[in-house]
Participant: 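This structure is in structure tokens; I'll ask about it shortly.
For clarity, every value in this text was computed on a predicted model and none was experimentally measured.
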Amino acid sequence: MSHSMNKNCMNNRSFSTLLVVAFAMVCSQTGWQVNLRAHDIVPGSPQKQPIVIRNTTLHLGNGSIVSNGSILFEDGMISEVGDSVRLPDSARVIDGKGKHVYPGLIDSYTDIGLREITAVDVTVDNVERGELNPNVRSWVAFNPDSELIPVARAGGVMLAHVVPGGRLLQGQSGVMLLDGWSYQDMLVKGPAGLCVNWESVMPRGGDSKDKAKRYDEQIQELDDLLERARRYGESIAADDSGSTDLRLESLLPVIRGERPVFVQADRLGAIESAISFFTSRRIPMVLCGGADAMHCVDRLAAHDIPVILIATYRLPRRRSDPVDALYSLPAQLRESGVRFAIAGEGAGYPGGASNLRNLAYQAGIAVAHGLPHEEAVRAITQSPAEILGVADLVGTLAAKHHATLIIADGDVFESGTRVVDAYVQGRQVDLGNKHKQLYRKYEQRP
């Protein structure tokens with residue numbers, strides 16, 4: 001049975017919950033034990049007084065750093081940042097000596113909140129049936145009680161670009177805060193863009209003629225759908241009394257160039273095919289995955305196509321590639337003038353959202369292979385915010401931006417560093433999680 005992520009269809013989270021409850025009833029009758037509780041961490045309360053963090057190292061997210069600086073935020077918004085800031089009478093003052101303050105880290109390609117335990121079907125809600133689902137909305141199916149969210153926050157990740165999975169036209173993505181009571185509270189921007197799995201367009205098996213035929217058929221299918229959407233838009237403009245087609249409606253901002261497509265492609269052939277298809281139709285594109293991006297860097301730069309690199313902790317794609325091919329790719333893209341962000345183990349990849357906590361280390365390994373330190377910070381803060389269209393709200397420590405930030409006791413790229421405090425829109429976030437609970441439990445074991 002399909003779990004729709006559309007607001008006009010059955011509420012998939014409720015449906016999944018019914019299945020889980022039914023499973024629990026069976027367990028109770030057979031004597032099995034099962035824990036169905038959501039995590040017990042309460043979302044942060046709204047900021048009630050100004051907060052000043054001073055005498056600290058500020059990593060602004062834009063590639064620059066302020067040593068021994070201060071930051072003031074009020075009512076969930078940053079007011080001042082610099083060497084010194086004003087001190088309101090009612091302010092809570094935090095001494096940040098020896099600490100480092102960063103914008104909340106942003107994972108730019110993940111299915112957190114949609115996939116909990118891959119082997120348990122009722123906890124997986126990231127894929128809709130069929131291949132053409134442009135109207136699917138990932139944030140509607142987002143589970144704010146996911147156990148993976150507190151774990152990601154403990155690693156400094158405060159925002160995530162949540163994408164649906166599936167073949168071909170996967171659906172629309174949303175930018176989510178990782179703190180809140182409901183998906184409505186946590187949604188920063190939705191839709192952010194249309195997600196497309198271009199690897200599925202490029203056939204792998206069969207002889208060359210069969211592959212060419214299947215490729216042409218899928219391209220023609222996409223072209224037909226875009227043409228139908230264009231005609232639908234014209235009919236709506238001429239007469240808005242007609243019936244609504246949600247699939248075609250969702251494509252209108254894309255074909256008008258108002259919303260990007262996030263194109264998942266790793267292989268060189270898939271990347272070049274996607275560039276040709278979308279640039280020829282004047283549809284803005286963001287490359288996601290990008291393992292072979294360096295082999296077509298000139299075309300990416302010429303069309304100003306940003307790249308979301310899905311994980312640097314990956315093996316080289318070819319036997320002839322150097323062992324550090326993915327580690328050094330961010331530095332190479334920077335030198336070539338290609339805009340990029342670094343994501344964790346993204347949607348559809350084996351580790352997925354369970355490894356979101358390691359996002360900082362994905363950027364840290366790039367520092368060890370040529371990327372300047374603050375540019376690596378930028379790759380998981382301001383750069384993804386720019387690519388996702390939310391840079392006016394998050395991604396940098398700047399006045400009039402949301403007070404979504406983290407405080408660490410050292411360099412966030414180092415494995416020994418701990419995130420000791422965090423704020424989302426000025427709300428102090430509980431950094432507890434299942435991992436820490438189990439650590440404290442077994443620390444006391446005789």
Participant: So which atom in Ala265 and which in Ala270 form the shortest heavy-atom distance, rounded to 0.1 Å?
Facilitator: CB-CB, 3.9 Å
Participant: Please find the pair of heavy atoms, one from Ile149 and one from Asn143, that lie closest to each other, and give the distance.
Facilitator: CD1-O, 3.6 Å
Participant: Any donor and acceptor pair, going by atom type alone, linking the side chain of Arg357 with main-chain N or O of Ser354 inside 3.5 Å?
Facilitator: yes
Participant: Between Asp83 and Asn68, does a side-chain contact (heavy atoms from CB on, under 4.5 Å) hold up when you go through it step by step?
Facilitator: CA-CA 7 Å; Asp83 295 329; Asn68 196 29; over 6 Å; no
Participant: Output all residues satisfying salt bridge (charged side-chain N to carboxylate O under 4.0 Å, His left out) with Glu414, sequence neighbours left out; order by chain, then residue number.
Facilitator: none
Participant: Can you sort out the partners of His100 under ring pair (Phe, Tyr, Trp, His ring centres under 6.0 Å), two or more places apart, ordered by chain and number?
Facilitator: His59
Participant: Among all residues two or more places apart in sequence or in another chain, which pass the side chain to side chain contact (heavy atoms under 4.5 Å, CB included) test with Leu438?
Facilitator: Lys434, Tyr442
Participant: Do the non-hydrogen side-chain atoms of Trp181 and Val42 ever get within less than 4.5 Å of each other?
Facilitator: yes
Participant: Could you check whether any side-chain N or O of Thr381 sits under 3.5 Å from a backbone N or O of Pro103, counting only pairs where one atom can act as donor and the other as acceptor?
Facilitator: no
Participant: What is the minimum heavy-atom distance between Leu356 and Val157, and which atoms define it?
Facilitator: O-CG2, 3.5 Å
Participant: Taking the six-membered ring where the residue is Trp, are the ring centres of His161 and Phe262 under 6.0 Å apart?
Facilitator: yes
Participant: Going through the distances and angles, do Asp421 and Ile406 end up as a side-chain contact (heavy atoms from CB on, under 4.5 Å)?
Facilitator: CA-CA 6 Å; Asp421 207 354; Ile406 61 173; over 6 Å; no
Participant: Counting distance only, does the side-chain N/O of Gln172 pair as donor-acceptor with the main-chain N or O of Pro134 below 3.5 Å?
Facilitator: yes
Participant: Should the pair Glu443-Lys436 be classified as a salt bridge under the 4.0 Å nitrogen-to-oxygen rule?
Facilitator: no
Participant: Is a side-chain N or O of Glu199 found less than 3.5 angstrom from the main chain of Asp266, in a donor-acceptor match?
Facilitator: yes
Participant: Which pairs with one or both residues in residues 170-184 pass salt bridge (charged side-chain N to carboxylate O under 4.0 Å, His left out), sequence neighbours excluded?
Facilitator: Arg153-Asp179, Asp179-Arg427
Participant: Any chance you could lay out the side-chain contact (heavy atoms from CB on, under 4.5 Å) test for Thr110 and Val163, step after step, and finish with the verdict?
Facilitator: CA-CA 6 Å; Thr110 180; Val163 303; over 6 Å; no
Participant: Walk me through whether Arg86 and Glu74 qualify under salt bridge (charged side-chain N to carboxylate O under 4.0 Å, His left out).
Facilitator: CA-CA 12 Å; Arg86 62 186 171 86; Glu74 307 168 273; 2.7 Å; yes
Participant: State, to 0.1 Å, how close Gly432 and Pro150 come at their nearest heavy-atom pair, and which atoms those are.
Facilitator: O-CB, 3.4 Å
Participant: Between OG of Ser90 and NZ of Lys48, what distance do you get to the nearest 0.5 Å?
Facilitator: 13.5 Å
Participant: Determine yes or no for a side-chain-to-main-chain donor-acceptor pair under 3.5 angstrom, with Ser200 supplying the side chain and Asn197 the backbone.
Facilitator: yes
Participant: Starting at CD of Gln428, measure out to OH of Tyr423 and round the result to the nearest 0.5 Å.
Facilitator: 4.0 Å
Participant: Got a sec, which residues hit ring pair (Phe, Tyr, Trp, His ring centres under 6.0 Å) with Phe340, two or more places apart in sequence or on another chain?
Facilitator: none
Participant: Using the rule given for ring-ring contact (aromatic ring centres under 6.0 Å, His included), can you reason through Phe278 versus His303, listing the C-alpha separation, both sets of side-chain angles and the distance that settles it, and then say yes or no?
Facilitator: CA-CA 11 Å; Phe278 291 106; His303 295 288; over 10 Å; no
Participant: Using atom types as modelled and distance alone, determine if a side-chain donor or acceptor of Ser336 lies under 3.5 Å from a backbone N or O of Val338.
Facilitator: no
Participant: Apply the test side-chain hydrogen bond (donor to acceptor under 3.5 Å, both in side chains) to residues Tyr109 and Ser173: give CA-CA distance (whole Å), side-chain angles for both, the deciding distance (0.1 Å), then the verdict.
Facilitator: CA-CA 9 Å; Tyr109 198 90; Ser173 61; over 6 Å; no
Participant: Mind jotting down which residue pairs meet the side-chain hydrogen bond (donor to acceptor under 3.5 Å, both in side chains) criterion with at least one end in residues 249-263? Sequence neighbours excluded, please.
Facilitator: Tyr232-Glu249
Participant: Taking only residues two or more places apart in sequence, or in another chain, which ones meet Ile117 in a side chain to side chain contact (heavy atoms under 4.5 Å, CB included)?
Facilitator: Val120, Thr123
Participant: Applying salt bridge (charged side-chain N to carboxylate O under 4.0 Å, His left out) as the test, list every pair that has at least one member in residues 387-398; sequence neighbours left out.
Facilitator: none
Participant: First locate atom CD of Gln218, then atom CG of Leu132, and finally report the distance between them rounded to the nearest 0.5 Å.
Facilitator: 9.0 Å
Participant: Within the side chain of Arg281, is there an N or O that forms a donor-acceptor pair under 3.5 Å with the backbone of Phe277?
Facilitator: yes
Participant: If I take atom OG1 from residue Thr404 and atom CG from residue Leu105, how far apart are they, to the nearest 0.5 angstrom?
Facilitator: 11.5 Å
Participant: Within this structure, what is the CZ-OG distance for the pair Arg378 and Ser383, rounded to the nearest 0.5 Å?
Facilitator: 4.0 Å
Participant: So, does Gln170 use its side chain to make a donor-acceptor pair with the main chain of Gly166 at under 3.5 Å?
Facilitator: yes
Participant: Of all heavy-atom pairs between Pro330 and Ile342, which one has the smallest distance, and what is that distance?
Facilitator: CG-CD1, 4.0 Å
Participant: Going by ring pair (Phe, Tyr, Trp, His ring centres under 6.0 Å), name the residues that satisfy it together with His369, two or more places apart in sequence or in a different chain.
Facilitator: Tyr327
Participant: Okay, side chain of Asp409, backbone of Arg418: is any donor-acceptor separation there less than 3.5 Å?
Facilitator: yes
Participant: For Met158 and Ala422, work out which heavy atoms get closest and say how close.
Facilitator: CE-CB, 3.8 Å
Participant: Would you list the pairs meeting salt bridge (charged side-chain N to carboxylate O under 4.0 Å, His left out) in which at least one residue belongs to residues 316-325, sequence neighbours left out?
Facilitator: Asp292-Arg317, Asp292-Arg318, Arg318-Asp321
Participant: Looking at CD1 of Ile51 and CD1 of Ile78, how far apart are the two atoms once the value is rounded to the nearest 0.5 Å?
Facilitator: 11.5 Å
Participant: Can you pull the salt bridge (charged side-chain N to carboxylate O under 4.0 Å, His left out) pairs that have at least one residue in residues 294-305, sequence neighbours excluded?
Facilitator: Asp304-Arg339
Participant: Distance only, no hydrogens: is a donor on one side chain within 3.5 Å (strictly under) of an acceptor on the other, for Asn355 and Glu345?
Facilitator: yes
Participant: Go through His402 and Phe73 one step at a time and tell me if the ring-ring contact (aromatic ring centres under 6.0 Å, His included) criterion holds.
Facilitator: CA-CA 9 Å; His402 289 175; Phe73 51 100; over 10 Å; no
Participant: Run the side-chain contact (heavy atoms from CB on, under 4.5 Å) test on Val52 and Val85 for me, step by step, so that the C-alpha distance in whole Å, both residues' side-chain angles and the decisive distance to 0.1 Å come before the verdict.
Facilitator: CA-CA 8 Å; Val52 175; Val85 300; 3.9 Å; yes
Participant: I'd like to know if the side chain of Asp107 reaches the main chain of Gly344, judged simply by a donor and an acceptor atom lying under 3.5 Å from each other, with no hydrogens or angles considered.
Facilitator: yes
Participant: Excluding sequence neighbours, so at least two apart, what forms ring pair (Phe, Tyr, Trp, His ring centres under 6.0 Å) with Tyr361?
Facilitator: none
Participant: Side-chain donor-acceptor pair under 3.5 Å between Gln362 and Thr312, yes or no?
Facilitator: yes
Participant: Decide yes or no for Ser108 and Ile387: does some side-chain heavy atom of the first lie under 4.5 Å from some side-chain heavy atom of the second?
Facilitator: no
